[in-house]
Amino acid sequence: MLIQFRGFQALIAIIIGLFGGYLLTWYSTWMLDYKFADFNHVALFLSLTCATFILLILAITVWIQFASLPIFILLMFFGLPLLQIAPEMLPRFYADWIYPWLPFRFMFEGLKEIPFFSGELWGTAAITLCWIAVVSILVLLLSVVKRSSYKEDTSSKERTSGDGEEVSVQS
């Protein structure tokens, strides 16, 4: 039952990603009056990006729970401003240690490539985002195994005492 729920969560993340990608692309054409050469390429790439990050955050949050939230807050607070600068202009520490670990950089690289360099939808950034999404779905589904083994361990500890005798537990 829990694995079906995790699968449903992944499906909802993909649907929200599709909706968010198309909505964001439509807003940029409507509000900024920007005309993309291929609206669907940009919208599908942004949909893939939205779904990937939703799945990544969901999988890590399910796995290590609320301890993961400060990690993502720090990544967004310190990472997103760095992505707006050209990698060549970054200080050496950020370019070597921080920039390669930012998952958001694939979004920026792919989004620069598609409209400005006539890049294809399935470039390096999109393939990397697909792999991040697949691994996130696997981690999300494996959390069911972790949770069931945790429940088995706690239930076996309650039923046996330290010397191996069975203890009746009454509620």
Side-chain angles (χ1 to χ4, degrees), residues 6 9-147:
R6 296 293 182 217
Q9 283 180 325
L11 179 67
I12 291 297
I14 292 168
I15 291 170
I16 290 172
L18 277 170
F19 181 74
Y22 272 91
L23 187 68
L24 187 63
T25 309
W26 178 72
Y27 273 161
S28 66
T29 58
W30 177 58
M31 292 176 128
L32 302 175
D33 199 29
Y34 185 81
K35 304 290 184 226
F36 291 106
D38 194 353
F39 180 86
N40 283 325
H41 277 177
V42 175
L44 284 173
F45 182 77
L46 285 176
S47 297
L48 173 66
T49 302
C50 290
T52 299
F53 292 133
I54 291 170
L55 287 168
L56 177 70
I57 292 170
L58 179 66
I60 292 175
T61 303
V62 164
W63 196 262
I64 60 176
Q65 296 172 351
F66 291 112
S68 65
L69 294 179
I71 295 169
F72 287 109
I73 290 170
L74 289 174
L75 276 175
M76 286 187 179
F77 185 73
F78 291 111
L80 289 178
L82 291 177
L83 293 172
Q84 297 175 8
I85 301 172
E88 295 81 15
M89 295 177 64
L90 289 173
R92 186 68 17 220
F93 173 77
Y94 284 109
D96 292 341
W97 294 97
I98 305 295
Y99 187 76
W101 287 94
L102 292 174
F104 307 110
R105 74 182 166 97
F106 300 111
M107 175 186 67
F108 277 84
E109 289 172 2
L111 201 52
K112 283 189 288 188
E113 187 176 314
I114 290 174
F116 298 121
F117 300 114
S118 299
E120 289 299 315
L121 176 64
W122 294 108
T124 307
I127 292 170
T128 306
L129 286 170
C130 283
W131 278 110
I132 292 172
V134 166
V135 169
S136 297
I137 290 172
L138 288 175
V139 167
L140 187 64
L141 295 177
L142 285 175
S143 70
V144 174
V145 175
K146 175 189 161 212
R147 180 168 290 217

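Side-chain atoms of F106 and T52, non-hydrogen and from C-beta on, never get closer than 4.5 Å to each other. L142 places a side-chain heavy atom less than 4.5 Å from the side chain of W63. The shortest distance between side-chain heavy atoms of I60 and L56 falls below 4.5 Å. Two residues are said to be in side-chain contact when any heavy atoms from C-beta on lie closer than 4.5 Å; L46 and L111 meet this criterion.
Atom CG of L74 is separated from atom CG of L69 by 11.0 Å, given to the nearest 0.5 angstrom. Rounded to the nearest 0.5 Å, atoms CZ (F66) and OG1 (T61) are 8.0 Å apart. One finds the CD1 atom of I15 at 4.5 Å from the CD1 atom of I12 (value rounded to the nearest 0.5 Å). For the atom pair L55 CG and I14 CD1, the distance stands at 5.5 Å (nearest 0.5 Å).
Distance alone, capped at 3.5 Å, places no donor-acceptor pair between the S68 side chain and the I64 backbone.
When all heavy atoms of T29 and Y34 are compared, the closest pair comes out as CG2-O, 3.1 Å. Nearest heavy-atom pair, G20 versus C50, reported as atom, atom and distance to 0.1 Å: C-SG, 4.3 Å. The two residues F45 and G110 come nearest to each other via the heavy atoms CZ-CA, 3.5 Å. Considering all non-hydrogen atoms of both residues, S136 and A59 come closest at O-CB, 3.3 Å. The nearest pair of heavy atoms linking G21 to S47 is CA-OG, 3.4 Å. When all heavy atoms are compared, the tightest approach of L102 to R105 is O-CG, 3.1 Å.
Taking the side chain to side chain contact (heavy atoms under 4.5 Å, CB included) definition, one finds that L23 meets it with F19, W26, Y27, sequence neighbours left out. Applying the side chain to side chain contact (heavy atoms under 4.5 Å, CB included) rule to F104 yields the partners F53, L75, M76, L80, L83; only residues at least two apart in sequence or on another chain are considered. By the salt bridge (charged side-chain N to carboxylate O under 4.0 Å, His left out) test, E113 pairs with no residue at all, sequence neighbours left out. Applying the side-chain hydrogen bond (donor to acceptor under 3.5 Å, both in side chains) criterion to Q9, with sequence neighbours excluded, gives R6. Taking Y94 as the reference, nothing meets the side-chain hydrogen bond (donor to acceptor under 3.5 Å, both in side chains) condition, with sequence neighbours excluded.
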For residues 122-134, tabulate all N or O donor-acceptor pairs below 3.5 Å that involve a side-chain atom, not counting sequence neighbours.
from, atom 1, to, atom 2, distance (Å)
T128, OG1, T124, O, 2.8

